[in-house]
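What follows is a set of notes on a single structure, which appears directly below.
In this text the structure is predicted, and so the values were computed from the model without any measurement.
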Amino acid sequence: MNIHEALDWRYAVREFSADKLDNQTVETLVDATRKSPSSYGLQPYKILVLESRAVRRDLLAYSFGQQKVLDCSHLIVFAAQTAIGDHTVDRYVTRFVKDRGVPADDISGYVKHMKEALAAKSLAEKQAWAHQQAYIALGTLLTAAALMRIDSCPMTGFDHKAYDEVLGLPARGLESSAIVALGYRSDRDRTAGLQKVRFDYDELVVRM
Ligand SMILES: Cc1cc2nc3c(=O)[nH]c(=O)nc-3n(C[C@H](O)[C@H](O)[C@H](O)COP(=O)(O)O)c2cc1C
C-alpha cells in the first residue's frame, strides 16, 4: 500500500468494533511514534497507552459522549510536560552523549543555545511549545497506523482537566494534549464510506 492509498483509507473512526489489537501491533505503533521529530529533539511529552477498560470507563464521563474512548482497543494519551527549563535540556544532553558517544563539552555551545531559547519563552509559550511537539507525535501515530491498516481517531473533544486528574498527570508533571483511539472500525460505522473533505492542492499549497 502506498502512502496515498493509506491516507485515503484512514478516516476519523466514529464507531469501533470489539476486536482488540494484539500487543505486538500496539508496540510497533507506539515505538514508531517514539521516533517522531521534535524541536531540538527534546521530546517534552509522554505517551500513555491505556488498555484498561476500568480506567477508560472513568474517562468516558469526561469524553463529551465519545463512546469510542471505551469501545476502541487502546487509547493513547499524549501528555505535555508542564515544567520546561534547563533540566529539559540536561536530560536530553545525557541521552545525546550516550547515543552519539561524544563528550558533553563538544556540544556545550548548542546546549547554551537551547537553554537560552527556552528561557526566552514565557510560561504560556513553553506550554504551547510542548503541546506542539506532542501534536507532531500524534501525526506520526496516525500515519503509522494508516500504513499498518490500523484504525484510529484523534480527539481533543474531552475535558482536559478531568482527564489529567483521573490519570494522575499533575503528579507526573504532565497535562493532556490530545488522545488517539486505536482499533478496528465497526461494520456499522456509517462514516467509513464518506467522501474525504480536503481543500484542493492548489488551494492549500503555495509554490514559490
Ligand atoms: C487535533 C484533532 C482533534 C480532533 N478531535 C476530534 C474529536 O474530539 N472527535 C472526533 O470524532 N474527531 C476528532 N477529530 C477528527 C477530525 O474531525 C477529522 O480528522 C477531520 O474531520 C478530517 O476527517 P478525516 O480524518 O476522517 O479524514 C480531531 C482531529 C484532530 C487532528
Tell me, which pairs form a salt bridge (charged side-chain N to carboxylate O under 4.0 Å, His left out) where one or both residues lie in residues 21-44, sequence neighbours left out? Asp31-Arg34
Strictly distance-based, threshold 3.5 Å: is any side-chain N or O of Asp164 a donor or acceptor partner for the main-chain N or O of Ser176? yes
Check: Ser63 side chain, Gln66 main-chain N or O, donor-acceptor pair, under 3.5 Å: no
With sequence neighbours excluded, what pairs up with Gln127 under the side chain to side chain donor-acceptor pair (under 3.5 Å) test? Glu175
Contacts of Lys115 that satisfy salt bridge (charged side-chain N to carboxylate O under 4.0 Å, His left out) - sequence neighbours left out: Asp90
Check whether Lys68 reaches the backbone of Ala181 with its side chain - one donor and one acceptor, N or O, closer than 3.5 Å. no
About how many Å separate CD of Gln81 and CZ of Arg91, when rounded to the nearest 0.5 Å? 6.0 Å
Can you give me every donor-acceptor pair (side chain of residues 200-208, partner residue at least two apart or in another chain, under 3.5 Å) with its distance?
unit_1	atom_1	unit_2	atom_2	d
Tyr201	OH	Arg207	NH1	3.3
Glu203	OE1	Asp200	N	3.3

For the backbone of Gly85 and the side chain of Thr88, can you confirm whether one donor and one acceptor N or O come within less than 3.5 Å of each other? yes
Can you list every salt bridge (charged side-chain N to carboxylate O under 4.0 Å, His left out) pair that touches residues 151-163, not counting sequence neighbours? Asp151-Arg185
Ser73 side chain to Leu21 main-chain N or O, any donor-acceptor pair under 3.5 Å? yes
Side chain to side chain donor-acceptor pair (under 3.5 Å) against His113, all qualifying residues, sequence neighbours excluded: Tyr40
So which atom in Ser177 and which in Thr156 form the shortest heavy-atom distance, rounded to 0.1 Å? O-CG2, 3.8 Å
Is the backbone of Gly173 close enough, under 3.5 Å, to the side chain of Thr82 for a donor and an acceptor to pair up by distance? yes
Hey, which of Val49, Val30, Leu50 is the one that makes side chain to side chain contact (heavy atoms under 4.5 Å, CB included) with His74? Val49
Does the plane of the ring in Phe78 sit parallel, tilted or perpendicular to the ring in Tyr45? Use 30° and 60° as the thresholds. perpendicular
For the backbone of Val69 and the side chain of Arg56, can you confirm whether one donor and one acceptor N or O come within less than 3.5 Å of each other? yes
Does Leu42 offer a backbone N or O that forms a donor-acceptor pair with the side chain of Gln133 under 3.5 Å? no
Just wondering, are more than 12 heavy atoms of other shown residues or ligands nearer than 6.0 Å to CG in Asp187? no
Within this structure, what is the OG-CD1 distance for the pair Ser36 and Ile47, rounded to the nearest 0.5 Å? 6.5 Å
Tell me whether the count of non-hydrogen atoms from other residues, nucleotides or ligands lying under 6.0 Å of NZ in Lys196 goes above 12. yes
